[in-house]
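In what follows, a structure is listed as structure tokens, so that the remarks can point back to it.
No hydrogens, no waters, no symmetry mates; every other heavy atom, side chains included, goes into these values.
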Amino acid sequence: MKTTKETKSTPVKPVAKKVAKKAAKKATATTGKTTGVAKKATATIKKAAAAPKKAAPAKTTAKKAAAAKTVAKKAAPAQAAPKKAIVESHAALVRRARRINRELAEVYPYAHPELDFENPFQLVIATVLSAQTTDLRVNQTTPGLFAKYPTPEDLAAANPEEVEEILRPTGFFRAKTKSVIGLSKALVEDFGGEVPGRLEDLVKLPGVGRKTAFVVLGNAFGRPGITVDTHFGRLVRRWQWTDETDPDKVEAAVGALFPKSEWTMLSHHVIFHGRRICHARKPACGACPIAPLCPAYGEGETDPEKARKLLKYEKGGFPGQRLNPPQSYLDAGGIPAPPLGAG
């Protein structure tokens, strides 16, 4: 027998062909699913790999921003760091405080109360009106008030509504009207129409506290007193004369550092300095005559040119707060304030 005849394949029947085709389709489907899973896995891996690449720019931006800040700090003009609290004996504090006052007396030899007045009655009324407003606004308002009501008797008998209209520019005009009319009535009824010259009597008047009383005593009667207003309290704490915040305690603490005879002018020197150079938010440290003595030097602008631009009133070439300032103020280059409504 020949071998070729024995190796010939037997013809496949139609049923067997169908079975073979189904098996092939299942195998193809399985392979397709596997391929799809593989593709999804690959895509996930690619996304995971791409994520750090997206985050990279943020890190780079942060590094650039940090570098920019460093450059900006180097480029910015250096500001002197504020001095820390100093430790000194009481005797050393007294010497430093008195030296500051002497320096300020040379800078402000014309220091004076910045309220216009011609007599004790006008001063006490003006001081009461100065609460919650500027001395300038009071000085612009009182000429009309005193022209119509020149004496305590006149103001005591005034129509409240008419007084309110005059005092409207000073703010809180209803409460102030009540105070000045009540004060005038008290002067007429209890003191014969005269302003008393004693602290204990002044503080009994409506609207008059210790600060107002010391303004009147020191400037109308020549009796020493310390006026603890906002500027005074702020500066003596900045200079570390005291850390007290209560006005009465500030008065006592600072009063102990100076002879009583210097109290009134000390108040003027400190208040003048606070209004012109040693501002609350942006003190002009670079233009301050007492910088070497100040523990807070550096809190404000230390560049001399920039600091000079922060000066106010006569130190900056601007009008002051009084419409009728003393001649010594005018001689020093001071400019009178404009009347109400004049620009």
ILVMFWY cluster, Leu136 and Leu340 together (side-chain gap under 4.5 Å):
no
Between the side chain of Glu301 and the main-chain N/O of Asp303, is any donor-acceptor distance below 3.5 Å?
yes
Any side-chain heavy-atom pair of Tyr313 and Pro319 under 4.5 Å
no
Hey, quick one: are Phe214 and Val228 part of the same hydrophobic cluster, counting side-chain heavy atoms closer than 4.5 Å, chains of contacts allowed?
no
Within this structure, what is the NZ-CD1 distance for the pair Lys312 and Ile277, rounded to the nearest 0.5 Å?
12.0 Å
Answer with yes or no whether the hydrophobic clustering places Leu235 together with Val215; edges join I, L, V, M, F, W, Y residues whose side-chain heavy atoms lie under 4.5 Å apart.
no
Any donor-acceptor N/O pair, Gln122 side chain to Phe117 backbone, under 3.5 Å:
no
With Lys185 via side-chain contact (heavy atoms from CB on, under 4.5 Å) - residues at least two apart:
Ala156, Ile181, Glu189
Shortest non-hydrogen contact from Phe121 to Leu155?
CZ-CD2, 4.1 Å
Smallest heavy-atom separation, Arg234 atom then Cys278 atom, equals NH1-O, 2.6 Å
Keeping the roles fixed (side chain from His269, backbone from Ser267), state whether a donor-acceptor pair exists under 3.5 Å.
no
Ignoring hydrogens and geometry, is there a side-chain-to-backbone donor-acceptor pair from Arg276 to Ile271 under 3.5 Å?
no
Residues pairing under side chain to side chain donor-acceptor pair (under 3.5 Å) where one sits in residues 211-229, two or more places apart or in two chains, turn out to be Asn219-His268
side-chain contact (heavy atoms from CB on, under 4.5 Å) against Ala213, all qualifying residues, sequence neighbours excluded:
Leu199, Leu202, Val203, Val208
Sequence neighbours excluded, which residues qualify as side chain to side chain donor-acceptor pair (under 3.5 Å) partners of Tyr329?
Glu314
Using side-chain heavy atoms (C-beta onward) and a distance below 4.5 Å, is Leu183 in contact with Leu187?
yes
With side chains defined as the heavy atoms from C-beta onward, is the minimum distance between Glu103 and Pro289 less than 4.5 Å?
no
Kindly state each residue pair satisfying ring-ring contact (aromatic ring centres under 6.0 Å, His included) with at least one member in residues 141-200, sequence neighbours excluded.
none
Taking only residues two or more places apart in sequence, or in another chain, which ones meet Glu118 in a salt bridge (charged side-chain N to carboxylate O under 4.0 Å, His left out)?
none
Taking atom CZ of Arg99 as the centre, does the number of heavy atoms from other residues, nucleotides or ligands within less than 6.0 Å exceed 12?
no
So, for Pro224 and Thr264, which heavy atoms are closest and what is the spacing to 0.1 Å?
CA-OG1, 3.4 Å
Any chance you could lay out the side-chain contact (heavy atoms from CB on, under 4.5 Å) test for Gln240 and Glu88, step after step, and finish with the verdict?
CA-CA 10 Å; Gln240 296 182 22; Glu88 59 187 346; 5.5 Å; no
Give a yes or no on whether a salt bridge exists between Arg275 and Glu114, defined as a side-chain N under 4.0 angstrom from a carboxylate O.
yes
Should Phe272 and Tyr110 be marked as a side-chain contact (heavy atoms from CB on, under 4.5 Å) after you check the CA-CA gap, both sets of side-chain angles, and the distance that decides it?
CA-CA 10 Å; Phe272 255 60; Tyr110 47 80; 3.7 Å; yes
Can you confirm whether Asp331 sits close enough to Pro326 that some side-chain heavy atom of one is under 4.5 Å from a side-chain heavy atom of the other?
no
Test side chain to side chain donor-acceptor pair (under 3.5 Å) applied to Gln132 - qualifying residues, sequence neighbours left out:
none
Between Thr170 and Leu167, is there a donor-acceptor pair closer than 3.5 Å when you use the side chain of the first and the backbone of the second?
yes
Give the cluster check for Ile100 versus Met265: same hydrophobic cluster or not, with ILVMFWY residues linked at side-chain heavy-atom distances below 4.5 Å.
no
Do Tyr108 and Leu115 share a hydrophobic cluster, counting only Ile, Leu, Val, Met, Phe, Trp and Tyr and linking them when any side-chain heavy atoms are less than 4.5 Å apart?
no
With no hydrogens and no angle check, is any side-chain donor or acceptor of Arg137 less than 3.5 Å from a backbone partner on Ser130?
no
pair His273-Val270: side-chain heavy atoms closer than 4.5 Å
no
Please report the C-alpha distance between Leu104 and Ile290 in whole Å, then the side-chain angles of each, then the deciding distance to 0.1 Å, and finally whether the side-chain contact (heavy atoms from CB on, under 4.5 Å) criterion is met.
CA-CA 8 Å; Leu104 294 180; Ile290 61 167; 4.1 Å; yes
From Asn101 CG over to Leu257 CG, what is the distance, rounded to the nearest 0.5 angstrom?
10.5 Å
Is the shortest heavy-atom distance from the side chain of Val236 to the side chain of Glu244 under 4.5 Å?
no
Nearest 0.5 Å, what's the CD-CG distance between Gln327 and Leu330?
5.0 Å
Restricting to pairs with a member in residues 229-251, which pass ring-ring contact (aromatic ring centres under 6.0 Å, His included), not counting sequence neighbours?
Trp239-Trp241, Trp241-Phe258
Nearest non-hydrogen partners of Ile335 and Gly317, listed with the distance:
CD1-O, 3.7 Å
Check the pair Glu162 / Lys148 against salt bridge (charged side-chain N to carboxylate O under 4.0 Å, His left out), numbers first and verdict last.
CA-CA 10 Å; Glu162 293 179 1; Lys148 192 168 186 177; 3.2 Å; yes
The criterion is side-chain contact (heavy atoms from CB on, under 4.5 Å); which residues satisfy it with Lys282, sequence neighbours excluded?
Leu310
Do the side chain of Asp116 and the main chain of Leu323 share a donor and acceptor less than 3.5 angstrom apart?
yes
Measuring from Gln140:CD to Arg322:CZ, what's the distance to the nearest 0.5 Å?
14.0 Å
Do the side chains of Lys176 and Glu164 get close enough for a salt bridge, i.e. N-O under 4.0 angstrom?
no
Closest contact, heavy atoms only, Gly320 versus Ala337:
O-CB, 3.2 Å
Tell me the closest heavy-atom pair linking Ala287 and Ala307, and the distance in Å.
N-CB, 3.6 Å
Considering only heavy atoms from C-beta outward, does the side chain of Tyr297 approach that of Pro292 to under 4.5 Å?
no
Tell me every residue that passes side chain to side chain donor-acceptor pair (under 3.5 Å) with Glu200, counting only those two or more places apart in sequence or in another chain.
Arg198
Residues which pass salt bridge (charged side-chain N to carboxylate O under 4.0 Å, His left out) with Arg210, listed by chain and number, not counting sequence neighbours
Asp248, Glu251
Any Thr141 side-chain heavy atom under 4.5 Å of Leu129 side chain:
no
For Glu153, the side-chain contact (heavy atoms from CB on, under 4.5 Å) test, sequence neighbours excluded, returns Thr151, Val188
d(His279 NE2, Cys285 SG) to nearest 0.5 Å is 10.0 Å
Donor-acceptor pair, Thr127 side chain versus Leu123 backbone, under 3.5 Å?
yes
Given side-chain contact (heavy atoms from CB on, under 4.5 Å), test Trp263 with Val254 step by step and report yes or no.
CA-CA 9 Å; Trp263 286 359; Val254 175; over 6 Å; no
